[in-house]
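The figures here come from the full heavy-atom set of this structure, side chains too, leaving out hydrogens, waters and symmetry mates. Values in this document were obtained by computation on a predicted structure and should not be read as measured data.
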2 protein chains.
Amino acid sequence: MAYAVQYIDKLRKSGLRPTKQRIKICEVLFDTDKTFHFTIKELVKIIENQANIKVSLATVYNTVHAFIKKGYLKEIPLNASQSYYDTNVTHHHHFFDEEENRLIDIHQDDVDEVNIKKTIPGKKIKSVEVIAKIVSDNQSQK
Amino acid sequence: MAYAVQYIDKLRKSGLRPTKQRIKICEVLFDTDKTFHFTIKELVKIIENQANIKVSLATVYNTVHAFIKKGYLKEIPLNASQSYYDTNVTHHHHFFDEEENRLIDIHQDDVDEVNIKKTIPGKKIKSVEVIAKIVSDNQSQK
DNA sequence: TAATACATTATATTTATTCTAAACTGTTGA
DNA sequence: TCAACAGTTTAGAATAAATATAATGTATTA
Ligand SMILES: [Mn+2]
Ligand SMILES: [Mn+2]
Ligand SMILES: [Zn+2]
Ligand SMILES: [Zn+2]
């Protein structure tokens, strides 16, 4: 509510009219200090839990995709069964905890610039992302 | 056919009996100098085109997953709508050409070791993969 | 070769995602 | 202010990848 003006702005810039469903989605996504990762299913659940209004799945998908297109959200490819999304749109990398199915941000500064020596003629690099899979470290607890 | 013995060995080591359907899948996957990337749909099409036998989708999925589990194939997460698979199981990285929907290998030696400064307590890194998205470079052709 | 365990297949199911089209709402200009 | 219009929401249908099922077929082995 304090941020409604910003959300209206974000929506307008994404080519979307600021409806109450879309503003609710914005509140869930952006009304927090911390960025986070989510699946559509999880987002819908959060909206259901904290909203007095109902938002259809189609609207959630459409709004999320409009935000991705505009750069307000990022899609993280992890497995083929479900998309993960990220409210952190700065350049950064990820740990993926395969046991807990959880993404953890790695700040850009925590990874040395990835230098790729190979080039493809006629093509340029648009983005570089590192995904480090992590698992429990049970080596030291004898 | 020249390699049938190797395929039978691969299948046995994956806990699978060497049936003619599975050997056919092996021929398509491994009977070539070059490694390659594929989707299940593409694999089924290749089998249909070059085989006299028919292999059901279930068998293709099951065999591919057995090989992934054993480490004879790798799954590459790229987008949520479909899995990509890789017959190159060495440690390497990828370009993903978003315009042509095509994966291109980057040899491990062509990327400096990725050094991640952040650690997660109780977790260790299992694998590190770099995906560099590439697009057409139209800057220089004035 | 017979018994058994395992494999193949067509088909059904599941589930994420997208599409559709009818009802609804925000916007705008008279 | 309000009608007209453009854009939006929604339930439900459609699509498509992936997985499960269970009947039939085949490799193995004793
Ligand atoms: Mn998408
Ligand atoms: Mn899989
Ligand atoms: Zn992130
Ligand atoms: Zn590869």
Side-chain angles (χ1 to χ4, degrees), chain A residues 4-5 7-28 37-48 51-70 73-85 101, chain B residues 4-5 7-28 37-48 51-70 73-85 101:
Chain A
V5 176
Y7 302 153
I8 291 170
D9 187 56
K10 269 198 158 80
L11 288 165
R12 283 250 153 78
K13 284 182 175 158
S14 303
L16 298 176
R17 285 184 183 169
T19 63
K20 67 175 188 295
Q21 290 86 350
R22 289 172 178 159
I23 288 171
K24 183 72 225 175
I25 293 171
C26 285
E27 283 173 21
V28 171
H37 307 101
F38 62 94
T39 63
I40 293 290
K41 205 195 241 178
E42 289 165 354
L43 178 56
V44 166
K45 200 161 290 175
I46 297 170
I47 292 169
E48 274 176 3
N52 28 349
I53 62 170
K54 170 160 196 309
V55 181
S56 75
L57 200 55
T59 296
V60 173
Y61 270 107
N62 291 339
T63 306
V64 165
H65 280 130
F67 284 158
I68 288 170
K69 193 173 173 194
K70 185 65 186 177
L73 290 176
K74 267 204 304 190
E75 194 164 7
I76 314 287
L78 276 180
N79 65 61
S81 67
Q82 202 176 27
S83 274
Y84 282 70
Y85 302 92
N101 252 59
Chain B
V5 176
Y7 302 154
I8 290 170
D9 188 56
K10 268 199 157 79
L11 288 165
R12 283 251 152 77
K13 284 182 174 159
S14 303
L16 300 175
R17 285 185 181 168
T19 63
K20 67 175 187 296
Q21 289 86 349
R22 288 172 178 160
I23 288 171
K24 182 73 224 173
I25 293 171
C26 286
E27 282 172 22
V28 171
H37 307 101
F38 63 93
T39 63
I40 293 291
K41 204 197 243 176
E42 289 165 355
L43 178 56
V44 166
K45 200 161 290 174
I46 297 170
I47 292 169
E48 275 176 3
N52 29 348
I53 62 170
K54 170 161 195 308
V55 181
S56 75
L57 200 55
T59 297
V60 173
Y61 271 108
N62 290 340
T63 306
V64 165
H65 280 130
F67 283 157
I68 288 169
K69 193 173 172 193
K70 186 64 186 176
L73 290 176
K74 267 204 305 190
E75 194 164 6
I76 314 287
L78 275 181
N79 65 59
S81 67
Q82 202 176 26
S83 274
Y84 281 71
Y85 302 93
N101 252 59

#### Entry: Value in whole Å for how far the P atom of D:dT26 lies from CD1 of B:Ile23
15 Å
Donor-acceptor contacts, no H, no angles, side chain residues 15-25 of chain B, under 3.5 Å, sequence neighbours left out:
residue, atom, partner, partner atom, Å
B:Thr19, OG1, B:Arg22, N, 3.4
B:Arg22, NH1, B:Arg17, O, 3.0
B:Lys24, NZ, B:Glu27, OE1, 3.3

### Query
Can you find a side chain N or O atom of B:Arg12 that sits less than 4.0 Å from OP1 or OP2 on D:dA27?
no
### Message
Please enumerate all residues that pass side chain to side chain donor-acceptor pair (under 3.5 Å) together with B:Ser14, with sequence neighbours excluded.
### Response
none
### Message
Can you list everything that forms a salt bridge (Lys or Arg N to Asp or Glu O under 4.0 Å) with B:Lys74? Sequence neighbours excluded, please.
### Response
B:Glu129
### Query
Can you check the B:Ile8 CD1 to D:dA27 P distance for me, whole Å?
12 Å
### Message
Of the options C:dT17, D:dT10, D:dT19, whose atoms approach the side-chain atoms of B:His65 most closely?
### Response
D:dT19
### Task
Apply salt bridge (Lys or Arg N to Asp or Glu O under 4.0 Å) to B:Lys13 and list each qualifying residue two or more places apart in sequence or on a separate chain.
B:Asp9
Show each protein N/O and nucleotides 4-8 of chain D N/O combination with a separation under 3.5 Å, one pair to a line.
residue, atom, partner, partner atom, Å
D:dG7, O4', A:Arg17, NH1, 3.4
D:dG7, O4', A:Arg17, NH2, 3.3
D:dT8, OP1, A:Arg17, N, 3.0
D:dT8, OP1, A:Arg22, NH1, 2.8

### Rounded distance in Å - CG (B:Leu57) to P (C:dT8)
13 Å
### Summary
Among the nucleotides C:dT9, D:dA18, C:dT17, whichever has the atom closest to the side chain of B:Ile40 is D:dA18
### Message
Taking only side-chain N and O atoms of A:Lys20, does any of them lie within less than 4.0 angstrom of OP1 or OP2 on C:dG26?
### Response
no
### Summary
To the nearest angstrom, the CD1-C1' distance between A:Ile68 and C:dT18 comes to 14 Å
## Note on the structure
Those residues at least two apart in sequence (or on a different chain) that pass ring pair (Phe, Tyr, Trp, His ring centres under 6.0 Å) with B:Tyr61 are none
Measure all distances between protein nitrogen or oxygen atoms and nitrogen or oxygen atoms of nucleotides 11-16 of chain C, and list the pairs falling under 3.5 Å.
residue, atom, partner, partner atom, Å
C:dA16, OP1, A:Lys41, NZ, 3.3

### Message
Measuring from the side chain of A:Ser56 (C-beta onward, heavy atoms only), which nucleotide among D:dT10, C:dT17, C:dT9 has the closest atom?
### Response
D:dT10
#### Entry: Length of the CG-C1' vector between A:Leu11 and C:dT25, whole Å
15 Å
Which donor-acceptor pairs under 3.5 Å do the side chains of residues 40-48 of chain A make with protein atoms, sequence neighbours left out?
residue, atom, partner, partner atom, Å
A:Glu42, OE1, A:Thr39, N, 3.0

#### Entry: Residue list, ring pair (Phe, Tyr, Trp, His ring centres under 6.0 Å) with B:Tyr84, at least two apart or on another chain
none
## Note on the structure
Rounded to whole Å, the CG-C1' distance (B:Asn62 to C:dT9) equals 11 Å
